[in-house]
Amino acid sequence: MGPRPRPSPLLPLGALVLFLLAPLVLSGWIVFLLTVAWAKALAVLGVVLLLRGGLLTFGHALYYAAGAYAAGMAVKYLHVREGLALLGLALLAGVGTSALLGLLVARYRGVYFALLNLAFSMVLYGVLLKFYAITGGTDGLGLPAPPLAGLRPVAQSLRLALYDLTLVLAALLIYAAHRFSASPVGYTLRAIRDNEVRVEYMGASVWRTIYVSYVIAGGLASVAGALIGLSVGHITPDLSFWSQSGEFVFVAILGGTGSVLAPVVGSIVFEFVRNYAFELSPYTWQMTLGIVLLVIIFFLPGGLWSLSALARRLPRRGAPPPFRTSPRDGAGAAGARTADQAREPRGGR
Amino acid sequence: MTALLEAAGLTKFFGAVRAAEELSVRVDEGEMVGIVGSNGSGKTTFLNLATGYLAPDRGRILLAGRDTAGLSPRLITRLGVARSFQIPQLYLGLTVLENMLLSLAARSGRGGVWAPLYRAPWTDEGRQILERFGLEAYASRSVGELPEGGRKLLDIALAIALRPRLLLMDEPTAGVSTEDKFEVMDTLVGVLRQGRITTIFVEHDMDVVHRYSRRVLVFDQGLVIADGEPVTVLADADVRKAVLGHA
Amino acid sequence: MRLLTVIALDGLAYASWLFLVSAGLTFTYGVLRVLNLAHGNLYALGAYLGAFLVLRYAATGSAVILGYGLLLLAALVVGIIAGPLIERVFLRRVYSREEEVQLLLTFSISLILEDVVKLTWGVTPMFAEMPYTYLGRVRLGGVNYAWYPFLLTGIALAMGGLLWLTVTRTRLGKVLISVITDREISSTLGINVPRVYTLAFTLGAVLAAIGGAFTAPMFSLVPGVGADVLVISFAVIAIGGLGSIGGAALGSIVVGLARSAAVYLAPELDLFAIYFIMALVLLFRPQGFFGEIEVRRI
Amino acid sequence: MPDMLSVEGVWVGIKGVVVLRGIGFAVPPGGLVALVGRNGAGKTTTLKSVMGLLPLSDGRISVDGVDLARVPAYRRATLGIGYVPEDRRLIGPLTVADNLLLPAWAGGLARPSERLEWVYCLMPDVRSLAGRRAAQLSGGQQKMVALARALMSGTRLLLLDEPFEGLSPGLGDKLAATIRQVQREGLSVLLAESDVKRVAFVQETYTIERGEIARPAS
């Protein structure tokens, strides 16, 4: 028997074509919004991959900013103009940084993993802020309109060119993430979430699996950062701030971890909702996010993506639970007679 | 001849609880050795020490003459020692076949981040192994749906799929009903003989030990108090008292 | 020499502040095994309410000395209301779920509280310096130094001592140790574990709010202060070992001195210095100074 | 007069696996009953369910006529139930005396010092260990202390999970004598055991196999 039935590639490809054609009917600012959403979806995808291994990071914006600043500094100091080269350099920076920090971070799980990442991202934030002479401090750096593959698009079509570039690049990387998920290392990452002891007793390396996944996640975020930098034309230290990392986590949970496509769905919904909600009431924006997150945690643990399964009314049995949030011992939950038990805290042993 | 596994003077305390003291065990290639003893007599601790999960306070372990001090379970596994567990250690979020495929992928040492886990040679072999353990019907079900006995078998199958030189089994028939015990053991022993896998198994059931091991070690409070053929050893009054609590 | 004195004094002040905040964070984690990402926001609530009360009170022109009582009152009000509310209504529902879900939950509470502060007190900086200036200054080793930081140190010592005495010398402490060691067995012994959890979380919240309220007179308050505090106290407890009060004390001193040294010697590197030390410690002792590694039973 | 412990049609699952399939049995007041079965048969699960450590998916457990469904786990000790888990589980950082007094501090015990004195008289070996830290005891000693701790709150019903496991024969005999003595003083006792021969001294034996009571024998 061959591999297990895979989802048909036609649907995502069709969707991609639709997105590529969308600018024909959509207004400029919506196209811009979509560019941002697709780009950020890559960073979110990194968060999702790690979450599948049970690893939650509150510092993924570190690589997002690393990518953006690598591009920005390459323009300023190396006088690189070519957009594709900038993206390549960003990827290199993201992979390099995550490969270095991963050496330390990959040993940790749970709160340590979450907060070590947060800590490192805040260090970068501090560095970007304080080394004014190099990074421009709060002023940030400008990223002038780049030529792409040697071609210099005219100003009006630049937005469109960046949109197409973002879309194609994101599609390619999402496909790569999909391959990764279905690969031995991708599965081992999910196995680690279930049982690290067994992974080691199979002779596979828990550390190496997490390390590789971490570097991939870092690389994805750095490309996202550079794409955002090119689209917006300007970068600031805020890219590395904790709230940016929190946003990635939020979108990851919003979309769900059931599919590599979920981050795109989550990201697009997020960008549009934010666009309207933020204008409506800037002081309650985070509160809204917090409340939505609470609602997802308690009522929609699989995120928006799990709605697609509901819609099909056929959640495939045996499929990996998207973002497992039900108690590990599912039994007895149905008819928990001793009601206080269900509420009692987990053992500390 | 060098022993396949040779433990000498192993000592391990948890606080003041003695789990192993001056434990010496020698197992040669091709043997099938049973370990008996009451709960807390140090049987599982011995398996944990032998596979590097715990480090001994004193003593050393040689694997085919090679000192395994300081090696992790992963490295010891890669040296050809596999292990099954008292409580099955499985990936509950994955399917039965995926559990098996991960074992095969790990054995091959070819992790890879691009080629799929589901690839023909592995899926074929995986299904074959599952079939031998009667788990074929569950292949594409999640492990969570497997009944307890099935989990136990899968746990052992995952270890055997690694094609080890030495297999350590922790209570292979615990949780298996009395009627099925011998059938399960027959299947297991068949596979082990065919793969010429040297085996050490911890067991509670004296009948099972009698029937399937040529040699039995009796553990009591971290000591080996008897070592020999099951017929003689298990007839010994002291042994029966230590293991069963009565002569 | 003068520089060294200043660094030491600032380091001490800084360490006291860090200890007040991180002791609560590490204590809550030690008992509940949940790292409360909203801890920094409880700090911020304490700080804002404290500053608000002091400013209101000062406007009446009454004796400044009572302002200190108001700071304490603010901390208690915040801790005793928010603590049980968060633990009973939200946290309790996710104890049986994965660690990352618990983190996400406290993260969402953190987001909500962030805006609660903005909605209540706005975004303009707030500064209630009266309790600070009222204590005056002192000459120490050729340095003219304010008294107030010593008050902070006193409070930190008192709180640390109180916690330590409670855990090691009282029945409540022994009950706590029992719950930490083995929750399940504790409940079969008749210990009301859910209540112990509420109590521990509330105590952590009170400590956070005390840290906030009593540092309010030293800095001007701006939104987002909670996140900064959380990030730095995490460094402190990671160095000391999650769940260890003694570790938090040691971590606070290390980080406090490092930061104050960095501020005077290489100001660009202040945050960097802290995390460099943290990374160094974790490299050689992954569980921190007093942390323990849990071994899974197989 | 109701049974001291009555278990009726109890189903319990752990991690998605059904462990108890509608088991039922009873311990009469002042009775000494054994639940015999192999490892994994469901003995520990049964005792844990009585203590409220596992939720029932169906069935009813009552102690002296009180349905436990509405009694949270931590209140069960105050009903006079004492529990000795299979793996001892003393609170390692505390002393033996502290371990024994924990049920009293939890607030559910009248006259703790009298009770402590009674336990010490019953088990003089434990008295001599009082000042030691629990983690510093040997396995056999921990087993005895765990029993002593259960006797502090267990004024009416005692649940013992494999009490003889890992004990030297001499210590085992001592333990059996202690169990009989507390029974004579009025406690009802339920003990789980994997070897039927070791519980020859009990009044009634239920055999549990794969989560079901195979045959109520006596």
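The sequence lines fix the lettering, A, B, ..., with proteins before strands; numbering per chain opens at 1.
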Under 4.5 Å heavy-atom distance to chain C, tell me which part of [X] shows up: side chain, backbone, both or neither.
| X | answer |
| --- | --- |
| A/Phe113 | neither |
| A/Val249 | side chain |
| A/Leu116 | both |
| A/Ala119 | both |

Do you know which of [options] has the most heavy-atom pairs with chain A at a distance under 4.5 angstrom?
| options | result |
| --- | --- |
| C/Leu119, C/Asp270, C/Leu242 | C/Leu242 |
| C/Leu103, C/Ile109, C/Asp228 | C/Leu103 |
| C/Met278, C/Glu268, C/Lys118 | C/Glu268 |
| C/Leu35, C/Leu283, C/Leu282 | C/Leu282 |

Is it the backbone or the side chain of [X] that comes under 4.5 Å from a heavy atom of chain A, or both, or neither?
| X | value |
| --- | --- |
| C/Ala235 | neither |
| C/Glu114 | side chain |
| C/Leu269 | side chain |
| C/Leu105 | both |
| C/Pro267 | backbone |
| C/Leu37 | side chain |
| C/Phe90 | both |
| C/Val116 | both |

**Asked** Can you check whether A/Thr236 reaches A/Thr138 side chain to side chain, under 4.5 Å on heavy atoms?
**Response** no

**Request:** Please tell me if the side chains of C/Ile86 and C/Phe201 come closer than 4.5 Å, counting only heavy atoms from C-beta onward.
**Result:** yes

Verify the distance criterion only: is there a donor paired with an acceptor across the side chains of [X] and [Y] at less than 3.5 Å?
| X | Y | value |
| --- | --- | --- |
| C/Tyr43 | C/Tyr48 | no |
| C/Ser178 | C/Arg183 | no |
| A/Tyr201 | A/Asn195 | no |

**Asked** Considering all heavy atoms of both residues, which atom of C/Ser22 and which atom of C/Val236 are nearest to each other, and what is their separation?
**Response** OG-CG1, 3.4 Å

Tell me whether [X] is salt-bridged to [Y], with the criterion being a basic N under 4.0 Å from an acidic carboxylate O.
| X | Y | value |
| --- | --- | --- |
| A/Arg109 | C/Glu99 | no |
| C/Arg259 | C/Asp10 | no |
| C/Glu100 | A/Arg193 | yes |

**Message:** Determine whether the aromatic ring centres of residues C/Tyr29 and C/Phe234 are separated by less than 6.0 angstrom.
**Reply:** no

**Asked** Looking at C/Phe107 versus A/Phe250, is the centre-to-centre ring distance below 6.0 Å?
**Response**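 No, too far apart.
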
Hey, which of [options] has the most heavy atom pairs under 4.5 Å with chain C?
| options | value |
| --- | --- |
| A/Leu293, A/Val123, A/Leu115 | A/Leu115 |
| A/Leu55, A/Leu294, A/Ile291 | A/Leu294 |
| A/Phe58, A/Trp285, A/Phe131 | A/Phe58 |

**Request:** Return the orientation label for the C/Phe272 and C/Phe276 ring planes: parallel under 30°, perpendicular over 60°, tilted otherwise.
**Result:** parallel

